[in-house]
Amino acid sequence: MTPPRSRILGTGRFLPDGVRTNDDLAKMVETSDAWITERTGIKERRVAAPGTVTSDMAAAAGRAALEAAGVSASELSMIIVGTVTPDVPMPATAVFVQQKLGAERIPAFDVSAACAGFLYALSIADQFIRAGQARYVLVVGVELLSRVLDWGDRATCVLFGDGAGAVLLGPTSGEGARPSGVLSTRLYADGSLAEALIIPGGGTREPLDARALDEKRNKVHMSGQEIFKVAVKNLTAATAEAMAASGLAAGEVDWVVAHQANMRILTQVASRLDVPLERFVLNIERYGNTSSASIPIALDEAVRDGRVREGHNLIMCALGAGISWGGAAVRF
Ligand code: ACO
């Protein structure tokens with residue numbers, strides 16, 4: 001008998017209503033719509049309203065994924081949330097999601113892998129389902145980055161946005177010539193680049209005090225060029241590896257659902273892989289970089305508008321702070 005594998009049964013997303021355009025940012029820092037568009041491909045991003053917390057967005061995306069799959073929250077066996085912008089340092093955002101969804105007393109935990117958080121969470125969920133230890137696992141990627149950005153730092157504040165995306169993963173028999181499901185996942189990290197993208201304050205290394213707050217140590221600090229170079233190299237390798245691990249040639253990939261960090265990164269990855277950019281699901285123009293939420297948001301958009309259909313071969317890849325990165329192949 002073929003061992004069980006996991007399959008995406010439903011997708012969902014939540015984007016806050018508040019839109020911040022490049023022109024809005026040009027009123028806050030020395031930048032311009034032309035610079036941001038040319039260097040990143042971003043035109044606008046979403047910013048959550050003051051009362052909204054991360055778990056609100058995660059629960060909304062999760063609810064949509066459950067509804068799409070026709071599965072109720074009480075049937076969940078696990079909730080995994082990829083985020084680096086939790087509601088509180090302790091406990092996990094996933095337990096607030098559990099409460100808000102009305103799920104049973106199931107395992108609920110967060111995964112901290114920044115922009116690769118969704119792929120890390122997807123991979124963990126896949127292992128539990130393959131091992132027969134879980135049935136329905138809700139995998140959420142969510143970020144409320146607007147709260148941890150220095151809105152006076154033009155090198156970072158123009159890049160990011162808020163949002164949440166979710167998939168419901170469940171078991172499938174894995175039988176048949178072209179079974180749907182998660183075909184492969186591969187995860188990586190290289191801590192030697194940990195300082196290149198970091199929120200340095202607020203943990204045990206630099207507990208927050210008045211000086212730290214004054215120096216914005218609780219906000220995102222980034223060495224953009226360093227990240228850019230390693231992103232192109234490692235995303236290309238992760239995507240090529242996901243194709244090889246699942247036996248897919250470039251021509252058999254229907255969609256690349258990549259982390260949306262920078263249009264120039266995606267263009268370079270596409271050309272190195274020989275997969276045309278038309279086969280990448282793109283929404284960076286409207287949402288910016290939503291970190292761990294970007295893949296599930298892009299996937300949900302493409303599923304709901306009919307681009308991604310049953311039987312399509314998808315490659316997912318992401319890289320972010322850590323640096324952490326990975327790739328996955330999924331037959332939808
Ligand atoms: N508006 C106008 N000018 C700016 C802005 C801005 N928003 N930001 C930086 N500049 C200036 C710089 O100060 C610099 O000026 P100088 O030449 O007078 O010193 C000039 O523009 C060029 O700066 P660079 O940093 O060389 O610009 P670059 O082309 O590398 O683009 C960017 C910067 C967009 C941050 C790019 O490096 C990048 O996208 N890196 C990847 C970072 C990333 O995506 N991080 C997200 C998390 S990781 C991930 O998701 C992959």
Side-chain angles (χ1 to χ4, degrees), residues 20-45 82-85 112-120 141-146 148-163 165 187-191 193-199 219-239 256-270 272 280 282-285 287-298 316-327:
R20 195 164 288 177
T21 65
N22 291 348
D23 287 333
D24 294 334
L25 289 174
K27 290 177 198 138
M28 300 162 67
V29 287
E30 206 183 317
T31 190
S32 64
D33 175 44
W35 193 96
I36 302 170
T37 306
E38 194 215 318
R39 295 294 177 118
T40 71
I42 301 166
K43 296 296 272 184
E44 59 186 45
R45 70 286 295 143
T83 190
V84 285
T85 47
S112 174
C115 305
F118 174 76
L119 286 186
Y120 268 63
V142 58
E143 302 293 357
L144 213 166
L145 285 154
S146 62
V148 296
L149 291 174
D150 173 0
W151 288 100
D153 174 17
R154 67 179 184 174
T156 52
C157 77
V158 303
L159 299 177
F160 299 97
D162 299 336
L187 307 174
Y188 300 93
D190 177 1
L193 291 170
E195 307 293 325
L197 180 50
I198 191 167
I199 298 177
K219 304 293 181 186
V220 171
H221 293 243
M222 184 180 76
S223 162
Q225 283 193 1
E226 205 174 344
I227 297 281
F228 190 100
K229 279 186 226 140
V230 78
V232 172
K233 186 166 145 248
N234 292 358
L235 285 174
T236 306
T239 310
V256 178
V257 191
H259 168 50
Q260 316 277 306
N262 184 315
M263 200 53 216
R264 288 186 299 142
I265 294 177
L266 295 174
T267 307
Q268 291 193 24
V269 171
R272 287 175 190 210
F280 279 59
L282 301 171
N283 62 17
I284 188 167
E285 191 181 44
Y287 303 138
N289 179 346
T290 56
S291 188
S292 69
S294 87
I295 289 179
I297 290 173
M316 301 175 180
C317 59
L319 177 140
I323 59 168
S324 313
W325 72 101

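For ligands, and for the atoms within them, numbers begin at 1 and follow the listed sequence.
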Could you tell me, atom by atom, which parts of ligand 1 come under 4.0 Å of a heavy atom of [X]?
X	value
Ala155	8 (N)
Ala261	44 (O), 49 (C), 50 (O), 51 (C)
Asn289	46 (C), 47 (C), 50 (O)
Leu197	47 (C), 48 (S)
Val158	7 (N)
Thr40	34 (C)

[X] side chain vs [Y] backbone, donor-acceptor pair below 3.5 Å:
X	Y	value
Thr290	Gly161	no
Gln260	Ala258	yes
Arg20	Glu44	no
Thr85	Leu144	yes
Ser324	Ala321	yes

Between [options], flag the one that comes closest to [atom] by a heavy atom.
atom	options	result
atom 33 (C) of ligand 1	Trp35, Phe228, Trp325	Trp35
atom 43 (C) of ligand 1	Met263, Glu38, Met222, Gln260	Met222
atom 28 (P) of ligand 1	Lys229, Glu30, Arg39	Arg39
atom 39 (O) of ligand 1	Thr31, Asn262, Val29	Asn262
atom 11 (C) of ligand 1	Arg154, His259, Glu226	Arg154
atom 41 (C) of ligand 1	Ala231, Ser324, Gly322, Gly224	Gly224

What's the spacing between Arg45 CZ and Tyr287 OH if we round to 0.5 Å?
-> 13.5 Å
Kindly compute the distance separating CZ (Phe228) from CE (Met222), expressed to the nearest 0.5 Å.
->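 One finds 11.0 Å between CZ of Phe228 and CE of Met222.
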Taking the six-membered ring of Trp35 (Phe, Tyr or Trp), confirm whether the NZ or CZ of Arg154 is under 6.0 Å from its centre and within 45° of its axis.
-> no
Protein contact of [atom] - nearest heavy atom, named by residue and atom, plus distance:
atom	result
atom 48 (S) of ligand 1	Ile227 CG2, 3.5 Å
atom 30 (O) of ligand 1	Gln225 CG, 3.3 Å
atom 51 (C) of ligand 1	Leu319 O, 3.3 Å
atom 31 (O) of ligand 1	Arg264 NH2, 3.5 Å

State, to 0.1 Å, how close Asn289 and Ile42 come at their nearest heavy-atom pair, and which atoms those are.
->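 Residues Asn289 and Ile42, closest heavy atoms: N-CD1, 4.4 Å.
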Ser32 N/O to ligand 1 N/O under 3.5 Å |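 Such a contact does not occur with ligand 1.
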Contact check, side chains of Leu266 and Leu282, non-hydrogen atoms, under 4.5 Å | yes
Quick one: are Val158 and Asn22 in side-chain contact, heavy atoms under 4.5 Å?
-> no
Does the protein put a heavy atom less than 4.0 Å from [atom]?
atom	answer
atom 16 (P) of ligand 1	no
atom 46 (C) of ligand 1	yes
atom 19 (O) of ligand 1	no

Ionic contact status for Asp153 with Lys219, cut-off 4.0 Å =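 Asp153 and Lys219: not salt-bridged.
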